Amino acid sequence: MPDKPVPFYSVVMVRGEPLTVPISLPSGYFFIFFSPGMEEDWCRIQCSVESFPDISSARCAFDTEFAPYPELLHKRMIFVCDSAQRTVATACLWQGNDLGRRMDRVHWVATIPGLQKRGIGKALIAKLMDVCRTEGMADGVYLTTQTTNYHAINIYQKFGFEPYLGPRPRNFRTQGGSYEEETKYAWQIINEKLAEYSACTSGNDSSAQTASPTAHAIFFKHETMFSKCSICKVFEVIAPSQSGDVLHSHDYSQIWYVTRGSCEHFVEGQKHEMFVGDAFLLPPRVVHSTLVREGGNIICCEFYMESLFPDNANAFDRVRQITQNFSFTMLFQRELYSTQPKFTFSRKGQRLVEKLMHSMLEEYTQAEELFTDYLHLQILELLLTFAREYSQSPAHEVSEKVYDKYRSMVENAIHFIDQHYNEPLTLDGVCKISMVSKTYFCYLFKLLTHQTFIEYLVDRRISKAMELLRQTDMSVIDIGQAVGFRDSTHFSRTFKRLKGISPREYRSTAKRH
């Protein structure tokens, strides 16, 4: 993330004498080149570092700048993946002529928060320089960066990049002053920050690669993570390779089963030890991380609940109910039943689960015909095994009471929203009313309403607005304010986005009928 207190100025760097820097990726990570379908990966990574405000803006930029040149993308756009094949960083070597001649440009370098300062960025630039040597067809290499990115500038300098002090580049934007004066001032700022940075890290050169994860959790969506199979992802993590070792959450559930050694599982700030035969079934949107110890081995199954249990399917309603109950109440049992958010199977259950997890891994890896259908059935069998063992455990009765208690609190919050939808409600405020933490509230709220808090609130307001448009002569502006929108333009845009027509068009159509 940009260093906010530093004044923002753009600068250009050009590569002088090429320096060979033999840097490899940290253990467990690997490079891949762009292939069709990875557009969303690029957009997600760029949005994670705030290069764009949202995915649609990022996609627009991708379609404009890269999509017209498919023959270059697979040679010049690189991604870094973790051991679970999740893309976590990207950069490209693109053609540019900002400096008056055709040159290669190091472009859109980004590593997701939580994995920065671990050596991934350095290895990515080293890989780009390899591409430059093998694929480069232009005269020189340059890049554009900012004063706020002085950590990255420190890396660029190690690869032979130097300040560009020539004539103003094409399409270069200043902050309102002359290009020459701003460039001079920008490099003065950068040199001062680099001197401070060097002083702080002297004698501890490894700090950049061993820094602990930041407090900002990464959020993953099933649409971008489940590229091979639409309902799930199955993979193996073998130490020293890691996966999920930075704070993160996701919109899908996961089951991780320890087949050898041990690991440390951090859930909502609490550390839990897991050993051979232990498993955890984690619901969506829970912040966590996992560190696999030396000699450890885990088989991981991540699945999207809505794909397993469509709303119109009743055959496995009880399995769904038990799964949701169990995965949620596990997180409370450490306080109410002195246990941990993990599950230890009986010997019989352990044999069944281990055999099933290995079978799922093989099915997913080989991807033979109908493998998605086989995996669907195997995940249901796995959940049934969980449910049977859970129903026979001593924690079952207590957990049922815990789930009912917190479900009731969230239902009260939903009733409160229904009564006060036209007021300036916030998620934090409603969580305080329900007396449930934000993580558990969001999970149970989505479970009960099939919508997020914001989606539900906006839907409630728009429904009431439709009623007022049909039954009253109030103006559109007054109706928007009456249902909780403080800005009439925002109200009209939201209405049209959800209903496909403007409020005025809706009123006209409704009154004709």
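Numbering of residues begins at 1 and proceeds along the displayed sequence. What you see is a predicted model, and the numbers here were worked out from it, not measured in a lab.
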Determine whether [X] and [Y] make a side-chain contact, defined as any pair of heavy atoms from C-beta on separated by less than 4.5 Å.
X: Leu143; Y: Tyr156; value: yes
X: Ile255; Y: Leu382; value: yes
X: Tyr257; Y: Gln350; value: yes
X: Ile238; Y: Ile298; value: no
X: Glu273; Y: Arg293; value: yes
X: Asp459; Y: Ile462; value: no
X: His358; Y: Thr259; value: yes
X: Val234; Y: Cys300; value: no

On a heavy-atom basis, which atom in [X] and which in [Y] lie closest, and how many Å separate them?
X: Ile45; Y: Ala89; result: CD1-N, 3.6 Å
X: Met274; Y: Trp256; result: CE-O, 4.2 Å
X: Arg118; Y: Pro26; result: O-CG, 3.4 Å
X: Ala58; Y: Trp42; result: O-CZ3, 3.5 Å
X: Met360; Y: Leu375; result: O-CD2, 3.6 Å
X: Gly429; Y: Thr426; result: N-OG1, 3.1 Å

Honestly, is Arg460 close enough over Tyr421, meaning NZ or CZ under 6.0 Å from the six-membered ring centre and within 45° of the axis? yes

Establish, for the pair Lys228 and Tyr364, whether the NZ or CZ atom is under 6.0 angstrom from the six-membered ring centre and no further than 45 degrees off its axis.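 The answer is yes; both the distance and angle limits are met.
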
Starting at [atom1] of [X], measure out to [atom2] of [Y] and round the result to the nearest 0.5 Å.
X: Glu302; Y: Leu282; atom1: CD; atom2: CG; result: 10.0 Å
X: Leu281; Y: Leu383; atom1: CG; atom2: CG; result: 6.5 Å
X: Leu457; Y: His420; atom1: CG; atom2: NE2; result: 12.5 Å
X: Ile379; Y: Tyr374; atom1: CD1; atom2: OH; result: 15.0 Å
X: Ser253; Y: Met305; atom1: OG; atom2: CE; result: 4.0 Å
X: Asp373; Y: His376; atom1: CG; atom2: NE2; result: 8.5 Å

Pairs involving residues 83-92, ordered by first then second residue, that meet salt bridge (Lys or Arg N to Asp or Glu O under 4.0 Å) (sequence neighbours left out): Asp82-Arg86

Would [X] and [Y] count as a close aromatic pair, with their ring centres under 6.0 Å?
X: His222; Y: His250; result: no
X: Phe66; Y: Trp94; result: yes
X: Phe266; Y: His272; result: no
X: Phe62; Y: Trp108; result: no

Test item: [X] side-chain N/O and [Y] main-chain N/O as donor-acceptor pair under 3.5 Å:
X: Ser359; Y: Lys355; answer: no
X: Glu381; Y: Gln378; answer: no
X: Arg76; Y: Leu93; answer: yes
X: Asp278; Y: Phe275; answer: yes
X: Thr365; Y: Leu361; answer: yes
X: Arg260; Y: Gly295; answer: yes

Counting only heavy atoms not in Glu294, do more than 12 sit closer than 6.0 Å to its CD atom? no

For side-chain contact (heavy atoms from CB on, under 4.5 Å), just list the numbers for Val88 and Tyr29, CA-CA rounded to whole Å, side-chain angles, deciding distance to a tenth of an Å, and then say yes or no. CA-CA 9 Å; Val88 298; Tyr29 296 90; 4.2 Å; yes

Could you give me the CA-CA distance, side-chain angles and deciding distance for Lys127 and Leu25, then say whether side-chain contact (heavy atoms from CB on, under 4.5 Å) is met? CA-CA 10 Å; Lys127 183 67 174 178; Leu25 282 167; over 6 Å; no

Evaluation steps, side-chain contact (heavy atoms from CB on, under 4.5 Å), between Ile78 and Thr90: CA-CA 6 Å; Ile78 306 171; Thr90 184; 5.9 Å; no

Could you walk me through whether Gln366 and Glu362 satisfy the side-chain contact (heavy atoms from CB on, under 4.5 Å) test, starting with their C-alpha distance in whole Å, then the side-chain angles of each, then the deciding distance to 0.1 Å, before giving a yes or no? CA-CA 6 Å; Gln366 295 181 356; Glu362 181 179 0; 3.3 Å; yes

Just by distance, no angles: are the side chains of Gln254 and His288 close enough, under 3.5 Å, to form a donor-acceptor pair? yes

Can Thr290 and Glu264 be counted as having a side-chain donor-acceptor contact under 3.5 angstrom?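 There is no such pair between these side chains.
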
Here's a test for you: under ring-ring contact (aromatic ring centres under 6.0 Å, His included), which of Tyr252, Phe235, Phe220 qualifies with Phe226?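 Exactly one pass, corresponding to Tyr252.
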
Which pairs would a plain distance check flag for residues 30-41, meaning a side-chain donor or acceptor within less than 3.5 Å of a matching protein atom at least two apart in sequence or in another chain?
{"residue": "Glu39", "atom": "OE1", "partner": "Gly37", "partner atom": "N", "Å": "3.0"}
{"residue": "Glu40", "atom": "OE2", "partner": "Arg59", "partner atom": "NH1", "Å": "2.9"}
{"residue": "Asp41", "atom": "OD2", "partner": "Thr87", "partner atom": "OG1", "Å": "2.7"}

